[in-house]
Amino acid sequence: MKKFKVAVIDDEPTAIHVLMRQLERYKKIEIVGTASSAADGITLVENVRPDVVFLDVELPDMSGIKVIKSIKIACKTQCKVVMYTAYDKYMLESFRNYAFDFLLKPLDAS
C-alpha cells in the first residue's frame, strides 16, 4: 500500500499537533516532517519530497502565498499544497497561486 508523504509548515505548535492527530487516523498518510518557518519548510520539502504540504499563510519570515512557488520548485514533482489558515480572506489568492486546496483553522481536535 502506497502511503502519501505529508509535510506541515506552520508556526503554531498547537495547530501542527491538532492537524497531525487528524492525519494520523488515516493509514495511507505518513507525516514526514514539520517546520515552523518558511525557510525551514522549503528545506524540508527539498529533503523529503512530500506528496502533500499543509502550509500556513502567515509565517514569521514570509507569506505562505509566496512560499507556494518555492515549494513547487523544491518538490520537483507534482506535490500538492493545501493552504491551512484561520483567515478565509486568503482563499482566492491561494488558488491563484496554485494551491490545491484551502483548509480553515481551527480544526476540530476530536
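For clarity, every value in this text was computed on a predicted model and none was experimentally measured.
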According to a hydrophobic-cluster definition based on side-chain heavy atoms being under 4.5 Å apart (Ile, Leu, Val, Met, Phe, Trp, Tyr only), do [X] and [Y] belong together?
X: V57; Y: V52; value: no
X: V8; Y: M62; value: no
X: V67; Y: I73; value: no
X: I65; Y: L103; value: no
X: M20; Y: I9; value: no

For [X], what residues pass the side-chain hydrogen bond (donor to acceptor under 3.5 Å, both in side chains) criterion, not counting sequence neighbours?
X: S63; result: none
X: N47; result: none
X: E30; result: none

(message) When you compare the side chain of T34 with that of D10, does any pair of heavy atoms fall below 4.5 Å?
(response)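 Of all side-chain heavy-atom pairs linking T34 with D10, none is under 4.5 Å.
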Got a second to check how far [X]'s [atom1] is from [Y]'s [atom2], nearest 0.5 Å?
X: L104; Y: M83; atom1: CG; atom2: CE; answer: 11.5 Å
X: I29; Y: K3; atom1: CD1; atom2: NZ; answer: 10.0 Å
X: K80; Y: Q78; atom1: NZ; atom2: CD; answer: 6.0 Å
X: L19; Y: T14; atom1: CG; atom2: OG1; answer: 12.5 Å
X: I31; Y: R21; atom1: CD1; atom2: CZ; answer: 11.5 Å
X: Y98; Y: K69; atom1: OH; atom2: NZ; answer: 7.5 Å

(message) I need the minimum non-hydrogen distance between I16 and A35, along with the two atoms involved.
(response)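 Taking I16 first and A35 second, the nearest heavy atoms are CD1-O, 4.1 Å.
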(request) Grab the two heavy atoms, one from F95 and one from F100, that are nearest each other, plus how far apart they are. (result)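 Heavy-atom minimum between the residues: CE2-O, 3.9 Å.
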side-chain contact (heavy atoms from CB on, under 4.5 Å) with [X]: which residues, sequence neighbours excluded?
X: V48; answer: V32, L44, P50
X: K28; answer: M1, F4
X: D11; answer: D56, L59, P60

(request) Check the surroundings of atom NZ in K27: do more than 12 heavy atoms from other residues, nucleotides or ligands lie under 6.0 Å from it? (result)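 No, the 6.0 Å shell around NZ holds no more than 12 heavy atoms from other groups.
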(request) Keeping the roles fixed (side chain from D40, backbone from S36), state whether a donor-acceptor pair exists under 3.5 Å. (result)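 No; zero donor-acceptor contacts below 3.5 Å.
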(message) Please verify the inter-ring angle class for F54 with Y84; under 30° counts as parallel, over 60° as perpendicular, anything in between as tilted.
(response)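 Because their plane-to-plane angle is over 60°, the rings of F54 and Y84 count as perpendicular.
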(message) For L55, run the side-chain contact (heavy atoms from CB on, under 4.5 Å) check against V82, I68, V45 and tell me which one passes.
(response)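 Only one option passes, and that is I68.
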